[in-house]
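Report on the following structure.
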Amino acid sequence: MKYHYKDLGLVNTKEMFAKANKEGYAVPAFNFNNMEQLQGIIEACVEEGSPVILQVSTGARKYIGKEMLPWLAKAATAYVEASGSDIPVALHLDHGPNYAEAKDCIEYGFSSVMYDGSHHPYDENVAEAKQVADFAHEHDVTVEAELGVLAGIEDDVVAAEHVYTQPDEVEDFVSKTGVDSLAIAIGTSHGAHKFKPGDDPKLRLDILAEIEKRIPGFPIVLHGSSAVPHQFVEMINQYGGQIADAIGIPDSELRKAAKSAVAKINVDTDGRLAFTAGIREVFAKKPGEFDPRKYVGPAKDYMKEYYKDKIRNVFGSNGAYKAGAARK
């Protein structure tokens with residue numbers, strides 16, 4: 001093993017989720033692709049006193065570089081400590097495609113991994129999820145798996161149709177695989193173009209309630225939960241972008257889920273939109289600017305402030321831990 005996550009100051013998600021379920025909030029799981037996005041996420045969570053799961057897809061890990069990524073995670077936990085905060089930080093593989101990728105991530109310092117076999121036949125999903133869980137647990141790493149299929153596109157995850165999670169499968173799946181949390185499909189969707197204008201997106205909270213009855217106290221995860229904030233779509237288009245009208249998951253629906261057994265909610269698209277809006281605004285208003293700090297800095301700030309609001313008003317995770325002072 002090249003790195004162990006504890007040496008990087010990271011934690012797994014076990015205690016995070018137990019506290020979240022007990023206290024009625026959800027842990028934010030924010031995806032990042034570069035240093036500035038990571039800064040925006042960790043600064044927001046430190047200032048709000050919120051636990052955080054730093055997520056990377058296989059594509060993001062390849063982009064950052066697997067040798068460099070552990071040190072970015074170490075930098076994030078060092079920032080938390082220097083800020084006087086005690087928020088726990090996990091590093092999580094999002095939508096791991098197979099056992100080999102999950103194993104490699106664990107050996108490079110990830111404290112949590114997801115195996116996504118939702119597109120496979122049920123028995124194949126069970127078998128490989130168990131294989132991942134067995135190896136991960138040898139190293140005290142937590143594992144997330146998925147039942148059901150979310151429609152939409154995000155990185156390498158592509159699905160044309162939505163398949164709701166079947167409550168009568170969850171007990172069998174959890175008992176056979178030994179995974180630590182379960183991503184379910186109850187109406188969320190990947191990508192920016194989740195729903196069309198005029199739609200009224202609703203989560204199948206009835207399915208969630210039934211799943212809670214089948215596996216009481218077990219941590220549930222929602223993927224594809226970005227709200228697609230209209231203000232950032234408008235900014236992007238105002239400053240030369242071309243993002244078609246789209247609607248995400250209403251914050252009110254997510255807050256209902258966060259108060260239940262949902263211990264983790266994933267957000268990626270919202271951060272991308274906020275970041276892109278910030279960059280486009282600088283390029284439009286200051287076309288002569290070529291110092292990257294002058295355009296990725298404002299982009300980071302838009303993302304940070306949006307996530308601070310999301311932590312307070314959707315996840316409800318603010319104040320769960322000691323907040324740290326904002327550092328310049």
Side-chain angles (χ1 to χ4, degrees), residues 1-20 25-57 60-61 63-94 96 101-114 135-144 180-181 219 221 263-264 266-267 271 300 303-304 307-308 311 315 317-328:
M1 177 166 292
K2 189 139 188 167
Y3 309 99
H4 192 274
Y5 70 84
K6 291 181 181 178
D7 297 327
L8 303 175
L10 299 164
V11 301
N12 66 29
T13 59
K14 191 168 295 183
E15 291 184 7
M16 271 191 191
F17 289 166
K19 181 175 167 65
Y25 63 84
V27 177
F30 295 135
N31 288 65
F32 71 97
N33 300 279
N34 59 28
M35 183 189 74
E36 289 79 14
Q37 288 183 318
L38 175 60
Q39 287 175 315
I41 292 167
I42 205 68
E43 288 174 15
C45 292
V46 161
E47 292 173 27
E48 292 298 325
S50 170
V52 64
I53 297 169
L54 304 172
Q55 294 196 154
V56 292
S57 63
R61 185 178 183 230
Y63 175 77
I64 295 168
K66 74 177 187 179
E67 296 286 357
M68 190 172 290
L69 185 56
W71 298 105
L72 283 179
K74 175 64 175 175
T77 61
Y79 178 90
V80 172
E81 182 179 0
S83 300
S85 174
D86 67 351
I87 66 166
V89 180
L91 179 64
H92 177 76
L93 170 65
D94 191 23
E101 182 71 17
K103 180 176 182 290
D104 195 54
C105 285
I106 292 166
E107 292 174 343
Y108 272 80
F110 281 65
S111 62
S112 177
V113 294
M114 179 195 184
F135 180 80
H137 291 163
E138 291 176 8
H139 303 283
D140 198 29
V141 170
T142 42
V143 177
E144 173 188 330
D180 304 286
S181 61
V221 177
K264 171 178 180 269
N266 291 14
V267 176
K300 179 206 77 170
M303 185 176 175
K304 170 184 170 179
Y307 278 163
K308 287 178 69 173
I311 287 166
F315 295 95
S317 57
N318 55 305
Y321 295 83
K322 183 173 69 175
R327 298 174 69 240
K328 301 296 184 182

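The first residue in the sequence is number 1, and the count goes up from there.
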F135: what forms a ring-ring contact (aromatic ring centres under 6.0 Å, His included) with it, not counting sequence neighbours?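 With sequence neighbours excluded, F135 shows a ring-ring contact (aromatic ring centres under 6.0 Å, His included) to H139, given in chain and number order.
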Could you pull out all residues at least two apart from F30 that satisfy ring-ring contact (aromatic ring centres under 6.0 Å, His included)?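 Applying ring-ring contact (aromatic ring centres under 6.0 Å, His included) to F30 gives Y307, F315.
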To the nearest 0.5 Å, what is the distance between [atom1] on [X] and [atom2] on [Y]?
{"X": "C105", "Y": "D94", "atom1": "SG", "atom2": "CG", "value": "11.0 Å"}
{"X": "L91", "Y": "Y5", "atom1": "CG", "atom2": "OH", "value": "11.5 Å"}
{"X": "M114", "Y": "S57", "atom1": "CE", "atom2": "OG", "value": "12.0 Å"}
{"X": "T13", "Y": "D180", "atom1": "OG1", "atom2": "CG", "value": "6.0 Å"}
{"X": "N318", "Y": "K308", "atom1": "CG", "atom2": "NZ", "value": "11.0 Å"}
{"X": "M303", "Y": "L38", "atom1": "CE", "atom2": "CG", "value": "9.0 Å"}

Passes side chain to side chain contact (heavy atoms under 4.5 Å, CB included), H92 versus T142? Steps please. CA-CA 9 Å; H92 177 76; T142 42; over 6 Å; no
What closest approach, in Å, do [X] and [Y] show between heavy atoms, and which atom pair accounts for it?
{"X": "A325", "Y": "V46", "value": "O-CG1, 4.5 Å"}
{"X": "C45", "Y": "I311", "value": "SG-CD1, 3.8 Å"}
{"X": "K264", "Y": "A29", "value": "CE-CB, 3.6 Å"}
{"X": "G96", "Y": "L93", "value": "CA-CD2, 3.6 Å"}
{"X": "F32", "Y": "L54", "value": "CE2-CB, 3.8 Å"}

Please list, chain by chain and in numerical order, all residues satisfying side-chain hydrogen bond (donor to acceptor under 3.5 Å, both in side chains) with [X], sequence neighbours excluded.
{"X": "Y3", "answer": "W71"}
{"X": "K300", "answer": "E43"}
{"X": "D104", "answer": "R61, K66"}

For [X], check side-chain contact (heavy atoms from CB on, under 4.5 Å) against everything at least two apart and list the hits.
{"X": "S181", "result": "F17, E144, P219, V221"}
{"X": "V11", "result": "M16, P88"}
{"X": "A320", "result": "K19, Y25, P51"}

Would you say that [X] contacts [Y] through its side chain, given a criterion of any heavy-atom pair below 4.5 Å between the two side chains?
{"X": "L69", "Y": "Y108", "value": "no"}
{"X": "N31", "Y": "Q55", "value": "yes"}
{"X": "V113", "Y": "K103", "value": "no"}

Side chain [X], main chain [Y], donor-acceptor under 3.5 Å:
{"X": "S111", "Y": "V141", "value": "no"}
{"X": "T77", "Y": "L8", "value": "yes"}
{"X": "S85", "Y": "I87", "value": "yes"}

List for me each residue that meets salt bridge (charged side-chain N to carboxylate O under 4.0 Å, His left out) alongside E15, sequence neighbours excluded, and say none if there are none.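 Salt bridge (charged side-chain N to carboxylate O under 4.0 Å, His left out) list for E15, sorted by chain: empty.
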Which residues pass the salt bridge (charged side-chain N to carboxylate O under 4.0 Å, His left out) test with K14, sequence neighbours left out?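 Expected list: none.
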I'd like to know if the side chain of H4 pairs up with that of D140 as donor and acceptor (distance under 3.5 Å, no hydrogens or angles considered).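 No donor-acceptor contact under 3.5 Å links the two side chains.
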Which pairs pass salt bridge (charged side-chain N to carboxylate O under 4.0 Å, His left out) with one or both residues in residues 67-89, sequence neighbours excluded?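 As it turns out, the salt bridge (charged side-chain N to carboxylate O under 4.0 Å, His left out) pairs with a partner in residues 67-89, which skip direct neighbours, are K2-E67.
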Quick check: are there more than 12 heavy atoms from other residues, nucleotides or ligands sitting under 6.0 Å from CE of M68?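 Atom CE in M68 is not crowded, with 12 or fewer foreign heavy atoms closer than 6.0 Å.
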Determine, step by step, whether Y63 and V56 satisfy the side chain to side chain contact (heavy atoms under 4.5 Å, CB included) criterion, reporting the C-alpha distance in whole Å, the side-chain angles of both residues, the deciding distance to 0.1 Å, and the verdict. CA-CA 10 Å; Y63 175 77; V56 292; over 6 Å; no
